[in-house]
Amino acid sequence: MQLNFSGLRALVTGAGKGIGRDTVKALHASGARVVAVSRTNADLVSLSKECPGIEPVCVDLGDWGATEKALGDVGPVDLLVNNAAVALMRPFLEVTKEDFDRSFSVNLRAVFQVSQIVARGMINRGVPGSIVNVSSMVAHVPFPSLAAYSSTKGAMTTLTKSMALELGPYKIGVNSVNPTVVLTAMGQKVSADPEFSRKLKERHPLKKFAEVEDVVNSILFLLSDRSASTSGSGILVDAGYLAS
Ligand code: NDP
């Protein structure tokens, strides 16, 4: 599926590594102008070399004031990918207040904040838009030692529907992608135990985890007008796991 985002400006959070980085590359290759938001400047420097012309923004999205300063005047955005997240692994009984606050500020509160900034701009300009929230299959099924992370993704399901409800009248579609394990830095961490990882993979009907490219393809589809009548919904990129 060849998608063309020429003439559109996209903003991708968590652009430095993993799924966010490849999403920036794919959007750039499809003609979009891209604002790439991430926390580690070195990642943005190397990404800018790979994708000339992108607009890097270095900020910790867990910091409300810094995010407002960095993105408050970001300008026109047509496509938003809320991808940045942290997966802090800890058994439920040992989760600290700091774990909880960090998980919710990066994974959920920043989605509220950045989406508000972007959606207000779309509404003021009177243009349609598309927002994709990168969630997880753990929004639907728990994983051990990921209670805080999973809770943020469960809440994201409701947030996605709420945003779709309230932004739909302005022709702004809002959806999520919900992947199984993808072997990025985050995915390697959550599946580090070889026995756990083997059994987990075996439970997937397709006997595999997802590839970064599979997730990026679903993000691009949801951003594009090929999904023009889809909103408040989610695409499982789970190799069949939830059917097992
Ligand atoms: P990675 O950890 O590989 O990359 C995450 C990116 O987000 C990094 O560039 C990171 O920057 C950035 N980021 C994290 N916190 C912040 C912050 N506070 N402010 C700005 N940028 C930040 O993760 P993935 O690519 O694997 O994950 C991307 C998305 O996919 C996440 O929403 C995740 O929950 C979801 N997902 C991932 C799965 C997996 O198995 N990998 C499975 C299901 C869903 P830095 O490294 O500098 O902190």
Side-chain angles (χ1 to χ4, degrees), residues 12-21 37-40 43 58-68 70 81-116 131-163 174-204 209-210 212 215 234-239 241-242 244:
V12 180
T13 70
K17 301 184 175 78
I19 293 164
R21 190 177 180 97
V37 182
S38 207
R39 207 176 56 94
T40 301
D43 291 337
C58 189
V59 67
D60 176 356
L61 292 162
D63 181 335
W64 183 281
T67 300
E68 199 58 44
V81 183
N82 287 306
N83 164 78
V86 287
L88 305 177
M89 295 192 74
R90 197 103 67 183
F92 168 72
L93 291 175
E94 294 167 25
V95 172
T96 63
K97 176 179 178 296
E98 288 69 31
D99 294 336
F100 182 92
D101 289 348
R102 182 73 182 155
S103 300
F104 273 82
S105 63
V106 176
N107 300 9
L108 198 70
R109 196 182 67 188
V111 176
F112 267 86
Q113 187 182 16
V114 177
S115 300
Q116 284 177 339
I131 299 175
V132 176
N133 295 329
V134 181
S135 185
S136 167
M137 88 179 177
V138 302
H140 304 290
V141 61
F143 265 40
S145 298
L146 280 173
Y149 173 79
S150 305
S151 302
T152 67
K153 297 301 190 182
M156 192 178 241
T157 303
T158 307
L159 175 59
T160 300
K161 290 179 183 171
S162 300
M163 288 167 62
V174 188
N175 294 286
S176 69
V177 291
N178 296 64
T180 180
V181 174
V182 184
L183 291 175
T184 60
M186 181 188 289
Q188 284 170 23
K189 189 175 83 172
V190 302
S191 64
D193 178 336
E195 190 54 14
F196 171 74
S197 179
R198 189 189 62 74
K199 283 188 184 153
L200 182 64
K201 197 180 283 182
E202 193 54 33
R203 203 180 140 182
H204 290 65
F209 296 145
V212 171
V215 183
I235 296 183
L236 287 168
V237 187
D238 72 343
Y241 189 85
L242 286 185
S244 70

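All values below were derived from every heavy atom in this structure, side-chain atoms included, with hydrogens, water molecules and symmetry-related copies excluded. Quick caveat, the model's predicted, so the values are computed rather than measured.
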Salt bridge check: are E195 and R198 linked by an N-O gap of less than 4.0 Å?
yes
Is a donor from one side chain sitting under 3.5 angstrom from an acceptor on the other, for N82 and S115?
yes
Are any of the side-chain nitrogens in D60 or R102 under 4.0 Å away from the carboxylate oxygens of its partner?
yes
Calculate, to the nearest 0.5 Å, the distance between atoms CE and OG belonging to M186 and S136 respectively.
9.0 Å
Set out, in order, the CA-CA distance, both residues' side-chain angles and the distance that settles side-chain contact (heavy atoms from CB on, under 4.5 Å) for F143 and V181, then state yes or no.
CA-CA 11 Å; F143 265 40; V181 174; 4.1 Å; yes
If we ignore hydrogens and angles and just use 3.5 Å, is the side chain of K189 paired with the main-chain N or O of A87 as donor and acceptor?
yes
If you count every heavy atom of other residues, nucleotides or ligands that lies below 6.0 Å from F92 atom CZ, does the total exceed 12?
no
Partners of V182 by side chain to side chain contact (heavy atoms under 4.5 Å, CB included), sequence neighbours excluded?
I19, P179, T184, A210, V212, V215
Heavy atoms of G62 and V106 approach each other most closely as CA-CG2, 3.8 Å
I need the L236 CG to S135 OG distance, nearest 0.5 Å.
9.5 Å
Any side-chain heavy-atom pair of D238 and N178 under 4.5 Å
no
Donor-acceptor pair, N175 side chain versus V132 backbone, under 3.5 Å?
no
Hits for side chain to side chain donor-acceptor pair (under 3.5 Å) against Y241, two or more places apart or cross-chain, chain-then-number order -> R203
Can you confirm whether M163 sits close enough to N133 that some side-chain heavy atom of one is under 4.5 Å from a side-chain heavy atom of the other?
yes
Closest non-hydrogen atom pair, F196 against V190
CE2-O, 3.7 Å
Do Q113 side-chain atoms and W64 backbone N/O form a donor-acceptor pair below 3.5 Å?
yes
Given side-chain contact (heavy atoms from CB on, under 4.5 Å), test V12 with V37 step by step and report yes or no.
CA-CA 6 Å; V12 180; V37 182; over 6 Å; no
Which atom pair, heavy atoms only, marks the closest approach of T40 to K17?
OG1-NZ, 4.0 Å
How far apart are the closest heavy atoms of A155 and L108, and which atoms are they?
CB-CD2, 3.7 Å
Provide the closest heavy-atom pair for L146 versus M89 in the form atom of the first, atom of the second, distance.
CD2-CG, 3.8 Å
Under the side-chain contact (heavy atoms from CB on, under 4.5 Å) criterion, do L88 and E98 qualify, and how do the steps go?
CA-CA 10 Å; L88 305 177; E98 288 69 31; over 6 Å; no
Salt bridge (Lys or Arg N to Asp or Glu O under 4.0 Å) against D101, all qualifying residues, sequence neighbours excluded:
K97
Under 4.5 Å between any side-chain heavy atoms of L159 and V111, yes or no?
yes
In short, S191 meets S197 closest at the heavy-atom pair O-CB, 3.4 Å
Atom OG of S176 and atom CD1 of I131: how far apart are they, to the nearest 0.5 Å?
12.5 Å
Looking at T13 and A84, would you say the former's side chain and the latter's main chain have a donor-acceptor pair under 3.5 Å?
yes
The side chain to side chain contact (heavy atoms under 4.5 Å, CB included) partners of R90 (sequence neighbours excluded) come to E94, V95, T96, D99
Can you name the residues that form a side chain to side chain contact (heavy atoms under 4.5 Å, CB included) with S151, not counting sequence neighbours?
F104
Candidate pair T157 and K153, rule side-chain contact (heavy atoms from CB on, under 4.5 Å), full reasoning
CA-CA 7 Å; T157 303; K153 297 301 190 182; over 6 Å; no
Check whether any side-chain heavy atom of R39 sits under 4.5 Å from a side-chain heavy atom of V59, and report yes or no.
no
Please name all residues satisfying ring pair (Phe, Tyr, Trp, His ring centres under 6.0 Å) with F209, sequence neighbours left out, ordered by chain then number.
H204
If you round to the nearest 0.5 Å, how far is OG1 of T180 from CE of M137?
3.0 Å
